[in-house]
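Numbered from 1 within each chain, the chains take letters A, B, ... in sequence-line order.
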2 protein chains.
Amino acid sequence: MPTSARTYGQFCGLARALEIVGERWSLLVVRDLMLGPKRFNDLQATLPRIPVSILTSRLNELEESGVIRRRVLSQLDAGVVYELTEYGSELDHIVLDLGLWGARSLSDPKPDDAFSIDTAVLSLYTTFREEMAAGVHINYELQYLGGEMVLHALVDDGAVKVSAGSLPSPDMVIEPQGPAMFELLNGGLSPQEALSSGKVRIEGDPADLELFTRLFHIPPAPEAPTGLTIH
Amino acid sequence: MPTSARTYGQFCGLARALEIVGERWSLLVVRDLMLGPKRFNDLQATLPRIPVSILTSRLNELEESGVIRRRVLSQLDAGVVYELTEYGSELDHIVLDLGLWGARSLSDPKPDDAFSIDTAVLSLYTTFREEMAAGVHINYELQYLGGEMVLHALVDDGAVKVSAGSLPSPDMVIEPQGPAMFELLNGGLSPQEALSSGKVRIEGDPADLELFTRLFHIPPAPEAPTGLTIH
DNA sequence: CTGGATCCCTCACGATACTG
DNA sequence: CAGTATCGTGAGGGATCCAG
């Protein structure tokens, strides 16, 4: 009997949802599949700390509950990919919202924290404020880790499309040093200071960096999440 | 060291969110606090299967991360209540959305499934479709379990307010038998059939029951969540 | 009575090694 | 490439006990 089927014993939609995607690692698997189908080893790569046995269990459970689907590729490839079903895809906005909520108590990355290109792509989707993008048309290319990780964001009148890879002729190239992008997004670092301190290098009009921080933003947490409570 | 602090080792908002509210039972505690402050024993009552030690741990963890706050009542009451902080309250729409997503693979309740009045109240908030309520003004009183559990919903031009308790002069009283309300919400039972079969008893205009099913609705899951996959 | 703490058992999790 | 096998640890779960 592979599946745990630990239940909460409640007749409640939230409890049911947590029985489906509430297990440890489950939502991270869903997140990784949001950007497209992936192989078993791809998932292992973007989830470095997941034990293989757990990944196997999660994939089976998510498949049984109709969140993901396993698809066998042609015999030439001799492989299997996992992809979200339509039902699973409808977690998209929940995952993004929860990611934004969590980003508000995110502190600076530890040296060995994993940071994949998928995370970078999703962070832009997560923090995009469409109400600030009405009538805006601009293309950004981002270069993380000294150009080792490149992605781009196409802002097109209230919508955004983010993908991995370079861009032929971007309006602006942004190259954050270390966690500078995160500080830029959460408002801890102003665009001006980012440039003058050298924490962010750009190609293009500095005004477009200011626009960037309005288009992509993590609102501050209402209370200090590190607050010490006096008992 | 009480707190587990199991981390995912990812620099990612979602991973951070799951470190905060991703532990088993955590989001159910948040859900129960969404409708107002509660005491330790109130939480135990609405979460019958939670071990006390786990409830204690979760409350401490959620407090440390700034999601909830413990407030000592006046000495006359000699008690403590737990309530959401502002940061915790901003999980509201995520919890509702996740609840709606999960409700779509909810099957009929098992005999010993817990069903509290809080769950009933939240199920109406969850399933409310504000786009269907523009210009609508109507008050419903719901009586579950043969009148043992009573709540009411005040629909007021695109907004709804749901609370426990009875109502002086509701426009309609709905008294579902067994899981009839759930079937009504997910479309498995039509208003007409609900009345003719006696699965739902009402006081008021039958047309208002039809309105009710438009105001409160669980969309069907895109694929059969109980689907058997052929391997 | 409220608000826990403590004990003990089981199983999910996690690390490592191995296989069709 | 896509998992299984094995095994140690600790979180989850349930009952009971304790302090204000």
- Looking only at side-chain N and O atoms, does B:R24 come under 4.0 Å of OP1 or OP2 in D:dG13? yes
- Protein-nucleotide distance (B:L47, atom CG; D:dG13, atom P), rounded to Å: 12 Å
- Task: Starting from C1' on D:dG14, measure out to CG on B:L55 and report it in whole angstrom.
- Result: 14 Å
- N/O (side chain, A:W25) to phosphate O (OP1/OP2, C:dG14) under 4.0 Å: yes
- Query: Does A:S53 or B:V80 map to a spot on DNA chain C nearer the 5' end, using the closest nucleotide for each?
  - Reply: B:V80
- If we ignore angles and hydrogens, is there a donor and acceptor under 3.5 Å between the side chains of A:Y87 and B:S105? yes
- Residue whose nearest DNA chain D nucleotide is more 5′ - A:V52 or A:N41: A:N41
- Message: Can you tell me if B:R201 has over 12 outside heavy atoms packed within less than 6.0 Å of its CZ?
- Response: no
- Rounded to whole angstroms, how far apart are CD on A:E23 and C1' on C:dG14? 15 Å
- Query: On DNA chain C, nearest-nucleotide positions of A:P51 versus B:Y82: which is more 5'?
  - Reply: B:Y82
- Task: Rounded to the nearest angstrom, tell me the gap between atom CG in B:L28 and atom P in D:dG12.
- Result: 13 Å
- Separation of C:dA5 P from B:F40 CZ (nearest whole Å): 8 Å
- Rounded to whole angstrom units, what separation is found between the CG atom of A:N60 and the C1' atom of D:dG3? 10 Å
- Looking only at side-chain N and O atoms, does B:R70 come under 4.0 Å of OP1 or OP2 in C:dG3? no
- Message: I want to check one thing: is the phosphate of C:dG4, taken as OP1 and OP2, less than 4.0 Å away from some side-chain N or O of B:R58?
- Response: no
- For the pair made of CZ in A:R6 and P in D:dA11, what is the distance, rounded to whole Å? 13 Å
- Query: Should A:L28 and A:D32 count as side-chain neighbours, where that means a heavy-atom distance under 4.5 Å?
  - Reply: no
- Query: Should B:R39 be listed as having a side-chain N or O under 4.0 Å from OP1 or OP2 of C:dG4?
  - Reply: no
- Rounded distance (Å) that lies between atom P of D:dT9 and atom CD1 of A:I54: 17 Å
- Task: Anything under 30° is parallel, anything over 60° is perpendicular, the rest tilted; go ahead and classify B:F11 against A:F182.
- Result: perpendicular
- Item | Over 12 non-hydrogen atoms of neighbours within 6.0 angstrom of CD in B:E83 | yes
